[in-house]
Amino acid sequence: MRVALRALAASCILIMNTAQSTETSQQNNTVGNLQTELKSIQSEYDTFITSLAVINDSIAIENTKLAQARTQRKALVGQTAKALTQMNAQYALMIDNPMQDITTSQNDYRYAIQQQQKNKQFIKDSVATLAQLNKQVSEKNIERVRLLNQRETISEEIKISRINRLKNEMQQAHSLDINQSVSCDLQTSFSKCITRSNLLSKQKASKTYLNTLFNSVTEAKLVSKHKTNSKAHVKLLGHKVLTSEFSGQGTYSSTIQVKMQGVLPKNEACKLLNISTRYCAERSPQIEQVSAKADNNDNKGALYELTIRSNQYDDEVFIDGVSYGSTKLSVMLSPGPHHIVVKKPNYMDFEQNVKLKNNLMVRAELIKASVSLKNGQAVQDFLASGERGPELISVPAGQLTASADSGIEQVKKQIIKAFSVGQNPITVADFKRFVNASNYTTAAESGNGCMEYLDGKETYNADLNWRQPGFKQTDEHPVVCINSADTNAYLTWLSKATGQKYRLPNNSEWEYVARAGSSYNYWWGNDVGNSKANCAYCGSQWSNIGTAPVQSFKANKFGLYDTVGNVWELTGGNNLVARGGAWNFTPKLALVDTRLELKPNFRANYVGFRVLREN
């Protein structure tokens with residue numbers, strides 16, 4: 001059978017659905033409004049940074065004046081001593097000559113004393129001015145983080161709105177009129193000729209409509225750069241023959257109206273807009289677990305390849321407790337959960353749980369140990385009551401090269417001594433044991449409550465405290481709404497109850513365990529990914545809602561949970577600083593080197609702490 005295509009052609013009439021057009025317009029307005037809002041908050045942020053720079057300039061000027069005054073003080077002390085010596089000499093001369101005039105020396109000494117007193121008062125006033133300016137900087141740093149979080153939140157919303165807009169634009173239903181003629185030879189029946197003609201019309205309509213969609217979306221120029229190998233396609237909803245006729249020469253001409261709808265599979269919107277796929281992924285881990293279970297049922301009897309690579313030689317791989325030898329390793333396993341451990345003497349164990357749904361590669365990064373304690377050894381002290389204290393992990397000594405306490409990257413490496421640190425942030429259950437044993441009342445319970453974000457603004461809510469933080473929590477959630485005094489009271493009690501020395505990790509120690517040997521933005525890489533931590537727009541079921549139970553996400557290479565997101569963690573040092581981001585702060589504020597400066601009495605439903613025990 002042969003069907004020759006004589007002509008493809010004529011008109012393509014698109015019939016726009018009015019309701020969908022209106023919806024598209026609304027989506028455009030949403031992106032536009034958000035971009036206007038972002039421009040406004042960026043302008044506010046720039047103005048704020050300018051005002052902060054003015055204060056920092058004032059601090060620099062005042063420090064210069066203070067340094068000069070202190071230098072002058074040394075000179076004035078010498079001048080006063082010299083004037084006193086001269087005056088005493090004049091007094092000695094008066095003994096032999098009562099008519100000796102000592103007025104000049106007395107005036108010189110009096111003037112020297114006055115200048116010294118003025119200098120002393122200037123230094124006192126300068127110190128007070130600097131204290132006030134530094135207080136303003138501290139308060140403004142809190143405001144800076146709020147504005148930064150607000151700016152990043154809008155940026156995240158813009159990406160989500162752009163994705164929704166593209167989905168709406170690409171998934172519209174339209175009708176297309178296709179005119180064409182085909183030539184049918186004598187061996188082709190009329191019905192087959194008509195069938196082939198209809199098929200060609202549908203193919204032409206699909207291709208034409210898909211190209212029309214790509215060219216008509218708001219961000220067509222960007223989409224065109226990434227549409228190669230795109231899985232976007234067209235679904236045929238139905239067709240209707242409007243006109244048809246056969247000519248005497250065996251030519252079949254027809255006009256067919258084809259109704260179609262664009263289809264944008266999962267992640268395609270993100271790929272076309274060159275946005276991280278975490279914005280297109282499923283939001284709830286529970287949904288993924290259900291899907292995984294369904295996949296396992298569907299693929300019963302299937303085997304998948306698990307490949308394991310390591311950064312070390314002569315290691316040993318254990319899968320579900322069974323030794324499989326050293327890496328490089330590839331094994332065929334059944335679908336479902338598997339537990340992987342990679343060991344090597346004098347290195348910390350690499351441990352990871354996986355769920356096989358397809359072929360998978362795992363890269364194990366073994367970190368050299370330098371402590372007498374077993375690497376990653378669990379430590380849990382008994383309290384005076386016989387109960388157990390917080391769960392700790394022993395951490396080997398090492399070097400921190402990524403950044404320093406000053407917040408500026410330094411070439412010189414910092415030596416970190418071995419210690420034990422909380423596997424999790426202190427939980428509600430941990431803090432409850434302290435309160436029950438000591439009858440302690442937190443600042444939030446006795447003061448004006450706890451800080452929360454309300455419509456993008458920090459607001460104290462008198463009803464909030466560590467028992468009722470404004471969202472649902474259990475004993476397994478990290479404790480929040482505590483300030484530095486509450487934290488110190490807990491650490492003092494814990495040290496006394498266990499006979500060990502507990503404190504907050506300092507900035508270097510916190511960053512050392514949070515990085516766990518990594519130099520990336522997050523311990524797992526530079527991309528926050530999807531549902532790897534509890535932060536705003538990070539894809540978990542708790543994002544922007546509240547804290548997650550501890551150990552809801554994977555531990556880092558040191559075996560620590562929640563070093564990214566969930567709650568900001570207080571650190572020890574001269575200034576009160578929190579690290580790690582939180583459930584209502586965007587991913588950029590969960591970067592490992594980000595610092596949140598706080599006032600001593602500050603407490604919020606997104607700030608908690610992790611303990612360190614000295615070995």
Side-chain angles (χ1 to χ4, degrees), residues 47-144 404-408 410-412 414-415 443 447 483-485 487-489 491-492 495 501 503-504 506-508 570-577 595 597-602:
T47 302
F48 176 85
I49 292 300
T50 301
S51 67
L52 184 60
V54 170
I55 298 177
N56 283 323
D57 289 344
S58 299
I59 290 176
I61 293 171
E62 198 63 39
N63 274 322
T64 301
K65 291 180 180 178
L66 181 60
Q68 292 173 346
R70 283 171 171 164
T71 300
Q72 187 184 26
R73 177 177 59 185
K74 295 178 182 179
L76 290 174
V77 168
Q79 292 174 10
T80 302
K82 183 179 179 180
L84 178 62
T85 300
Q86 291 175 347
M87 186 178 69
N88 288 335
Q90 293 294 317
Y91 271 116
L93 292 175
M94 279 184 64
I95 296 174
D96 296 328
N97 182 12
M99 302 302 295
Q100 179 74 27
D101 186 4
I102 64 171
T103 304
T104 300
S105 61
Q106 285 178 322
N107 289 336
D108 289 344
Y109 179 66
R110 187 178 297 110
Y111 177 77
I113 290 292
Q114 290 173 347
Q115 291 301 107
Q116 193 172 355
Q117 289 175 341
K118 286 181 179 181
N119 176 266
K120 184 177 180 180
Q121 185 61 44
F122 181 88
I123 291 175
K124 182 178 179 181
D125 292 342
S126 182
V127 169
T129 300
L130 277 172
Q132 184 62 33
L133 288 171
N134 284 318
K135 182 181 179 182
Q136 291 179 31
V137 168
S138 177
E139 292 172 349
K140 279 190 170 290
N141 276 325
I142 297 174
E143 177 69 7
R144 181 184 63 82
D405 281 347
S406 63
I408 302 174
Q410 296 183 356
V411 176
K412 185 177 179 181
Q414 297 182 71
I415 303 300
N483 65 8
S484 60
T487 303
N488 290 333
L491 292 168
T492 300
S495 298
K501 185 175 181 180
R503 59 176 173 83
L504 290 175
N506 62 37
N507 267 295
S508 296
L570 297 176
T571 59
N574 295 329
N575 299 320
L576 187 62
V577 174
R595 289 162 167 77
E597 295 187 26
L598 302 172
K599 292 184 288 188
N601 198 37
F602 186 87

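- Counting only heavy atoms from C-beta outward, the side chains of V77 and K74 never approach each other to under 4.5 Å.
- Residues L570 and L598 have side chains in contact (heavy-atom distance under 4.5 Å, counting atoms from C-beta outward).
- Across all non-hydrogen atoms, the minimal contact from R144 to F48 is CB-CE2, 3.4 Å.
- With sequence neighbours left out, the side chain to side chain donor-acceptor pair (under 3.5 Å) criterion links T71 to no other residue.
- The minimum heavy-atom distance linking Q414 with S508 is given by the pair OE1-OG, 2.8 Å.
- Remark: Q115 CD to Q117 CD distance equals 10.0 Å, nearest 0.5 Å.
- For E143, the salt bridge (Lys or Arg N to Asp or Glu O under 4.0 Å) criterion is met by R146, not counting sequence neighbours.
- With sequence neighbours left out, N119 forms a side chain to side chain donor-acceptor pair (under 3.5 Å) with Q72.
- Atom-to-atom distance recorded for I142:CD1 and K140:NZ is 12.0 Å, nearest 0.5 angstrom.
- For residues 55-66, the side-chain hydrogen bond (donor to acceptor under 3.5 Å, both in side chains) pairs, not counting sequence neighbours, are E62-S126.
- Using a 4.5 Å heavy-atom cutoff, the side chains of L76 and Q79 are in contact.
- In this structure, the side chain to side chain donor-acceptor pair (under 3.5 Å) partners of N601, at least two apart in sequence or on a different chain, are N483, R603.
- Scored by the salt bridge (Lys or Arg N to Asp or Glu O under 4.0 Å) test, R503 finds E509, E614 as partners (sequence neighbours excluded).
- Partners of R73 under the side chain to side chain donor-acceptor pair (under 3.5 Å) rule, at least two apart in sequence or in another chain, do not exist in this structure.
- For the atom pair L576 CG and F602 CZ, the distance stands at 9.5 Å (nearest 0.5 Å).
- Among residues two or more places apart in sequence or in another chain, the side chain to side chain contact (heavy atoms under 4.5 Å, CB included) test is passed with T85 by none.
- Contacts of K135 classified as salt bridge (Lys or Arg N to Asp or Glu O under 4.0 Å), with partners at least two apart in sequence or in another chain: none.
- Annotation: K599, atom NZ; neighbour count of heavy atoms from other residues, nucleotides and ligands within 6.0 Å does not exceed 12.
- Between Y109 and I113, the closest side-chain pair of non-hydrogen atoms falls below 4.5 Å.
- In this structure, the side chain to side chain contact (heavy atoms under 4.5 Å, CB included) partners of N134, at least two apart in sequence or on a different chain, are I59, L130.
- Residues satisfying the side chain to side chain contact (heavy atoms under 4.5 Å, CB included) criterion with A112, sequence neighbours excluded, are T80, A83.
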If you look only at distance, which donor and acceptor atoms sit under 3.5 Å apart when one is on a side chain in residues 86-101 and the other is two or more places apart or in another chain?
unit_1, atom_1, unit_2, atom_2, d
N88, ND2, L84, O, 3.3
Q90, OE1, Q100, NE2, 3.0
Y91, OH, Q106, NE2, 3.1
N97, OD1, M99, N, 3.2
D101, OD1, T103, N, 3.0
D101, OD1, T103, OG1, 2.8

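- No donor-acceptor pair closer than 3.5 Å links the side chain of T571 to the backbone N or O of N507.
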